[in-house]
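Since the model is a prediction, treat every value here as computed from it, not as a measurement. When a residue number appears, it is its place in the shown sequence, counting from 1.
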Amino acid sequence: MAVSTPSRATIKPFFGFLHLLFYADPTWLDKVLVFVGCIAAIAAGVPFPLIGIVFGQLVDEINNATCTNQSGASSASQEAAITPKILLLVYIAIGSFACIYLHLVCWNLASQRLAQRVRDRYLRNLLRQDMAFFDNLQAGEVSSRLNGDIQAIESGTGEKVGVALTCISFCVTAYIVGFIKNAQLAGMLVSLVPAFLLMATIGGHFVGKYSAKLSESFGSASAIASEALSHVGLVHALGANTRLEDKFRAHLGNARQQGIKKATAAAVQAGLLYFIAFSASALGYWQGSHKVADSLEGKGSATIGEIYTVTFILLDGAIVLSQIAPMLPLFGGAISAFERLRKDIETQPSIDNTSTSAGKPDSVDGAIEFRNVSFTYPSRLDHPVLNGISLKCEAGQLTAIVGLSGSGKSTVASLISRFYDAQAGEVLLDGRNIRDINVRSLRGFISLVQQEPSLLDRSILENIALGLVNSPPHSHLEKTLLSGTLATVAEEVRGGQDLEKAAENASSEVAEIIRLVQHAADLADVAVFIDRLEFGFATLVGSSGSLVSGGQKQRIALARALVRDPRILILDEATAALDSASEQRIQAAIERASRGRTVVSIAHRLSTIRNASKIIVMKKGDIIEQGTHDQLISLDGSYADMVRLQTVKSTDDGASSSRASLDSHEIDTIADEKMALTAQEADAVPANDTKDTEPAEQTKGAIIAGSISKTMLPLTRPYLLLLALAFFAALIVGGQYCGSGVLFGNIMGVMSPCNAPDYIRSKGELLSGLWFMLACIAFLANFTSWAVFGLVSERLIYKVRNLSLQTLLQQPLQWHESEARSPSMLLEYITTDGNSLAGFSGSIIGTLFSVVVNFVAAIILSHIIAWRIAIVCLVIVPLLLGAGYMQLRAISRFAVKHAGAFSSSIGVTIEAVSNIKTVHALSIEDEILQTYRRSLVAPRKEMVEQSFKTNVWLAVANSCGSFIYAFAYWWGSKNIIEGRYTQTDFFIILIAMLVSAQLWGQLFTLAPEISKAKDAIARICGLIELGKDDPGDKSGKSSPNMEFGEKEKHDIEAHADSPLPASPQRGARVVFRDVGFSYPARPGIPVLTSLSLSIQPGQFCALVGPSGAGKSTVLALLERFYSPSTGSISINGLDISRHHGTSFRDDIAYVPQENVLFQGSIKFNISLGARPGHNPSDEEIQEACKLANIHETIVDLPQGYDTECGSNGNQLSGGQRQRLSIARALLRKPKLLLLDESTSALDAESEKALELGLERAVKGHGVTVIAIAHRLRTIARADVIFLVDAGKVVDQGRHEELVQRSESYRVNALHQMLG
């Protein structure tokens, strides 16, 4: 049994590899490419051993010439015998060039096409998976599959396969020739094959095993990096970079360990390879010398030529076979990457949204019914969400669902859209179980507006039009929607054309789509802000909609839902991010739009659902009450409590009026102070607007390549001794060929028929012994060189990846958002560039160095021994190098062109995965695929052209060897016949020079890896240098040497950070003076225009105003994510817009509009909020959670505080995420608390509890609170309210004053005063 294991292990990957080559429906062209590639590659291996036969004959003739030293007359006849054989060599060389070129081009194209097919198939399948699959997917996993794994497949199935086949066919032909020439000797040398195979399979097994573990650890690390880069602003606000970096570092540490093991396994493989090859030579020549001696004594007919042919081509075969070794990890890597991808590709979803089976109703009435539905999320099976609920939503009526957050409201919406299937009970649509309705057509009748709406990175026009893709009444537009015409139209409009004109030029369908979009935009109140945007509908919304405000985003999402005129409209908190006036307009719009269709509205603002025909109240997965608004009020149950909680009372109590009077007095003093301050500062403040934008100007999105030596030297300094050892070992590896050349030449001389048999035997044994000694040295040298280089490279990559993430997280948000940088593009610095660096730095540096050494040694040795022959052979070397250089240059230019093209297509996929719920709800899987394919058209065409050009040079470099051999033999034989040199001299030069020539050919097959790595290193160095350039160490905390504290202290001194500690216990005082600002991504549109406001310590201040008025921008400027273009902002008298350090952020806590959680436990997520450098205790964490009213909820979860939040927190409900966000902010015990819509996802009861908690946290410590709120209950409690509109403060005062004074404020207030 034991015997058969290696062979099974060999066969399985082999079939895996075949499966990979023909995976994902290849066309006839793909099959032809692979077939022709195989034939040509095999043919390319045949000529060399044939040359061996010719050589053998030449050797005998040259020996005869030396021995008998005949007269000059016969030398001419000898030359006549030699010339045709040399011409034969030239013809063989020409044939091999053609074969090599053909197989290189075929494999190159085949691998590119395969990578496209696999990518396409992976994406297609990813898009048909159900939500349960994505709940378990890490954020960075998709990008590391699409970047790393598909790159691995491409480099493992490309021209290297052809080269490997050539090597194998060479080896096989060599053995055939060997057996014909001298079967006995060849038989002994067959032992080479099992030795090589054992080495390859066992070594390959270990290398594969460690590779898989390595990529798993790295996947987790890149997930963290991906989330951090997607939410840089939040990471800065929390000062959480060090904590996230530590987590990243832990995963990378595991990857590093596996990498070192992998390097060791590969090193053993490399060492054994040479050991086996040289030992075999020892055996061959020891036996050979005996045979030649015997034949001189008349026993047998072995000539030196035969022995030479057999040993030479078998040894050459072994060396050539050894060239496969560096490629084996590439093939192994391709197979294991393919296995990982295949696992995802072949996962069958339980709800297949692309299937065409099941019923497709033509129309639906829209009556929805749940019968005893129980549900648990697959990723948390021990935590039931719905407990056997039954409910009915009448067709054409508005049904509202309200209740505590986490009570299962959004789950109901997910079940209606069939993102999940209920574990028990059934969901019915018009009396049919929705499992019997085709998923795609079911979703065609439903429009869903999610709690946190997500937009794709395109124009507003395209985003809204996506709603039409799967809409039954608009099926005639589907072709246009999938074709990408709209993108072109938007492009034209941004170029200055008129929207209607551009549409008419395109086609009547486009014009119709634009009419529908405009109509939906009017309904959803989008038209209000569209006109203010520079390009109107053609404005790009940025990755996941980051360039539009929360309220604008929500309205675009609503327009996208209304554009298809759905039968069923599901609104999950659809108006949470809107102020009351917009909400009222939209409410009216929804009411207009919802006539005659079924609407299911999940709401926490009860004013929005007052007119519902049925209100369902849920709590912890059960329905506790249902009825109309008036019925439920008269029941006086939990709904009535909620209504009471949310009603704004016109005055609080007596206290408020006294406080109001105090306020007016304070406001006067503030005004005086402000005057005085302005006068003081007017001359002191230099015009410093351009400071932050300059360095970014030069780069345009990409990061300038840095100087490699400056950055890499300090990183490698700790490993200098190890590197010295590795280079010393590589030096010996380089010398081993010259050593073998000297031995070989001497053996040829010894076995000449002129010598006595006993002399031949004794010298033969001595030289064979030396061969064996060489074998042992080669083993040690190769092992050391590979292992040590591997070790250093793993450690170095670990450092580089850490530094890259650290630097990226240090850059200000302004840098991240300018010049079209996107998180997926920046993530590539860590994934793709790190991978290129990893591929290059290990064994390849060693190989490179030893080849150079070998080359120099060979030239010196040859000139010492026979300068006349050497000098002529040397002429040909520049040709070889020139071809290689040309090829390197072509390849590196080729790589650069492609990086950009493919990164945009990978951006498409990552975005689709992170917004998968939207993709499913709109059924735009096909649209995403088409967009993806369109983004590949241009680069694919270019790649084909490049393949034809680039490979000419590779083929030249690889077939030069034969020409050189032909030339060398002709010149060498001429010199020997003339009696200038002996055959010993000639053979030493032949081996030393020409093996070198072959190695140079091999070196250029590694060229692509080298050029990829060089660009990657340059980019990474540029990135790391960015980190060093930061004078104030933007994120404050960790300096590159990972020692905390020191750098920060020195910064504080330098930037006069002293005013901060002035107010030990009180809150912060905030003053904005004439602040003007526009976002770096859209410099033409001012967001704030001379906004001024002043907030006293300990005040609770609210910012109110329509969405898009600039409220969130005020908070972003307070965190100094951006610098204002004019004016100044000061906290406690410190002007933060002129100040370098970021230590002022330590006193600020920020709860953003979108509640972002990172992958990790709840405890980890909350501890991210602690002050940098402080490790919070469990008590502190629990206290913060109690204040945020989530402690109970967490304790109820099966794992408590150790529950995983999932990628982007998808394991928790919106309300739970929001409360965790708030707990995270409170953990810091801030002096200034910024709340951006912090209660929009909460029901009235949670909100009330949270308010009490906030009050406890705030009041005792005099914390200043700045809240953006659209719910008036929150606002009514504020000490001062700023009414912001169109980028400036238009009014300020308390609730009572504003109600009397300001019309727009009154509209908002009355809208929320519920019965």
Who pairs with K299 by salt bridge (charged side-chain N to carboxylate O under 4.0 Å, His left out), at least two apart in sequence or on another chain?
-> E297
Side chains of S862 and I869: does their closest heavy-atom pair fall under 4.5 Å?
-> no
Looking only at atom types and distance, does a side-chain atom of N975 sit under 3.5 Å from a main-chain N or O of W971, one as donor and one as acceptor?
-> yes
Just jot down the side chain to side chain contact (heavy atoms under 4.5 Å, CB included) partners of L780, sequence neighbours excluded, or say none.
-> none
Contacts satisfying salt bridge (Lys or Arg N to Asp or Glu O under 4.0 Å) that involve residues 165-192 (not counting sequence neighbours) are none
Quick note, salt bridge (Lys or Arg N to Asp or Glu O under 4.0 Å) partners involving residues 979-990, not counting sequence neighbours, are E978-R980
Looking only at heavy atoms, what is the nearest atom pair of W107 and G158, with distance?
-> CB-O, 3.5 Å
With sequence neighbours left out, write down each residue that passes side-chain hydrogen bond (donor to acceptor under 3.5 Å, both in side chains) with K291, or none if nothing qualifies.
-> Q184
Within residues 722-744 or reaching into it, pairs that qualify as salt bridge (Lys or Arg N to Asp or Glu O under 4.0 Å) - sequence neighbours excluded | none
In short, A858 meets C738 closest at the heavy-atom pair N-SG, 3.6 Å
Okay, side chain of S289, backbone of G764: is any donor-acceptor separation there less than 3.5 Å?
-> no
Please identify each residue that fulfils side chain to side chain contact (heavy atoms under 4.5 Å, CB included) with I42, with sequence neighbours left out.
-> S169
Any donor-acceptor N/O pair, H103 side chain to C99 backbone, under 3.5 Å | no
Side chain proximity check, T309 to V177, heavy atoms < 4.5 angstrom = yes
Side chain to side chain contact (heavy atoms under 4.5 Å, CB included) with V733: which residues, sequence neighbours excluded?
-> Q736, A781, N782, S850
By ring-ring contact (aromatic ring centres under 6.0 Å, His included), F97 pairs with (sequence neighbours left out) none
Closest heavy-atom pair and its distance - F779, V268 = CE1-O, 4.2 Å
Are the charged groups of D758 and K763 less than 4.0 angstrom apart, N to O?
-> no
Parallel, tilted or perpendicular for F849 and F727, by the 30°/60° rule?
-> perpendicular
Non-neighbouring partners of A334 that pass side chain to side chain contact (heavy atoms under 4.5 Å, CB included), sequence neighbours left out = L20
Do you know which two heavy atoms are closest between T173 and P49, and how far apart they sit?
-> CB-CG, 3.6 Å
Can you name the closest pair of heavy atoms from F789 and G846 and give their distance?
-> CE1-CA, 3.4 Å
